[in-house]
Amino acid sequence: MTVSGSMSSGYCSLEEDIEDYFFTARENLSRKTAKDAPKEESKPTVQDLKQKIEAFNKMVQNGLIMKLADDETFTGFIKVHLKLRRANKPNIQTPSDTLKELTQNKPANKQTPFYVPLDAMKQLHISSVTTTSEVIRGLLLKFQVADDPQKFALFKHMHRDGQVLIQKLALTEHPLYLRLLAGPETDVLSFVLKENDTGEVQWDAFTVPELQNFLLILEKEERDKVQQVHKKYAAFRQHLQDALAEAKRKNV
């Protein structure tokens, strides 16, 4: 799979709400069973493929046509819009930082830093047998993203009757075949790479620093909640004491 295209600049920052610290590793896509995956259409005949590809290529205006091979597979292009909410800027260490890390006997962080601009668009040249999983891994490899691929998902945006329908692709689906069925217009069908935001939290997908950061966040929230409860009941206690003192005064 080859990757080409241009990128736009900018990137959004982390959300402040604590729930957004957990959204990146939700839902274990690799554990989906075959029965959970959507049913694909029956395999088209070679003649059907030829007709569909010919019709597709007639609508193409940028030269990015599809080509049918002798083995009944075909190749073509899809565009993927990268909408990643987490900013990951390279952390460049100075010699003194590196020396300090070594002298303290701490293991170096082997995770490759990455920075993906906001609204980056990548054009992929893939095959009809290329799966959603392979597309995700190829994009992460291109940007040197060391995060677990399970943190990411590929979505299709379908535009119908003025509405946008969004659906997450199963890891075994074939994006190029979906492109063929929908035609070349991205106004009809587009692909978007996002970080997962539903399902179970997969703690084993996080690094040790991330897990430690989560603990700090939870501890801070716990302290804030305890303080709020203390203030609430202190106010109630003061009201009761004032009412009691007033009642005693009246009875005197």
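Residue indices begin at 1 and follow the sequence shown.
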Lys225 side, atom NZ; Leu218 side, atom CG - distance, nearest 0.5 Å: 12.0 Å
ILVMFWY cluster, Val192 and Leu154 together (side-chain gap under 4.5 Å): no
Interatomic spacing from CG in Leu68 to OG1 in Thr73 - rounded to 0.5 Å: 7.5 Å
Any donor-acceptor N/O pair, Arg223 side chain to Gln227 backbone, under 3.5 Å: no
Trace of the side chain to side chain contact (heavy atoms under 4.5 Å, CB included) decision for Thr45 with Lys50: CA-CA 9 Å; Thr45 64; Lys50 285 183 178 179; over 6 Å; no
Gln61 atom CD, over 12 foreign heavy atoms within 6.0 Å: no
OG1 on Thr130 to NE2 on His125, rounded to 0.5 Å: 9.5 Å
Derivation of the salt bridge (charged side-chain N to carboxylate O under 4.0 Å, His left out) call for Glu246 and Arg249: CA-CA 5 Å; Glu246 181 65 21; Arg249 185 184 63 80; 2.3 Å; yes
Any donor-acceptor pair under 3.5 Å from Arg179 side chain to Glu185 backbone: yes
Asn57 (side chain) donor-acceptor with Met66 (main chain) under 3.5 angstrom: yes
Matching residue for Pro175 among Val135, Thr131, Val80, Leu180 - test: side chain to side chain contact (heavy atoms under 4.5 Å, CB included): Val135
Ser128 side chain to Tyr177 backbone, donor-acceptor under 3.5 Å: no
Side-chain (Asn251) to main-chain (Ala247) donor-acceptor, under 3.5 angstrom: yes
Non-hydrogen atoms of Gln150 and Asp148 that approach each other most closely: N-OD1, 2.8 Å
Note, Phe77 side chain near Leu176 side chain (heavy atom, < 4.5 Å): no
Nearest-0.5 Å distance that lies between atom CZ in Arg237 and atom NZ in Lys232: 13.0 Å
Verdict with reasoning, Leu189 to His157, per side chain to side chain contact (heavy atoms under 4.5 Å, CB included): CA-CA 6 Å; Leu189 172 70; His157 289 202; over 6 Å; no
Evaluation steps, salt bridge (charged side-chain N to carboxylate O under 4.0 Å, His left out), between Lys151 and Glu210: CA-CA 14 Å; Lys151 293 183 180 181; Glu210 286 175 325; 3.5 Å; yes
Backbone N/O of Thr172 and side chain of Thr132: donor-acceptor pair under 3.5 Å: no
Derivation of the side chain to side chain contact (heavy atoms under 4.5 Å, CB included) call for Leu216 and Glu219: CA-CA 5 Å; Leu216 292 176; Glu219 289 172 359; 4.0 Å; yes
From Ile78 atom CD1 to Ile126 atom CD1, the distance as rounded to the nearest 0.5 Å: 3.5 Å
His159 and Asp187, any side-chain heavy atoms less than 4.5 Å apart: no
Beyond-backbone contact of Val188 with Met158, side-chain heavy atoms, under 4.5 angstrom: no
Side chain to side chain, Ile166 and Val164, heavy atoms closer than 4.5 Å: yes
Verdict with supporting geometry, Val226 and His230, side chain to side chain contact (heavy atoms under 4.5 Å, CB included): CA-CA 6 Å; Val226 169; His230 283 170; 3.5 Å; yes
Considering all heavy atoms, the nearest Glu134-Val129 contact: OE1-O, 3.9 Å
Atom pair CZ/NZ of Phe236 and Lys231 - distance to nearest 0.5 Å: 14.5 Å
Side-chain (Gln51) to main-chain (Asp48) donor-acceptor, under 3.5 angstrom: no
Side-chain touch Leu178/Glu173, heavy atoms, less than 4.5 angstrom: yes
Close side-chain approach of Leu124 and Leu139, heavy atoms under 4.5 Å: yes
Residues Gln228 and Asp224: side-chain donor-acceptor under 3.5 angstrom: no
Six-ring centre of Phe155, Lys194 cation under 6.0 angstrom, axis tolerance 45°: yes
Ile65 vs Phe56 side-chain heavy atoms within contact, under 4.5 Å: no
Within-4.5 Å side-chain heavy-atom neighbours: Asp147 and Leu140: no
Cluster overlap Leu193 with Leu141, hydrophobic side-chain contacts below 4.5 Å: no
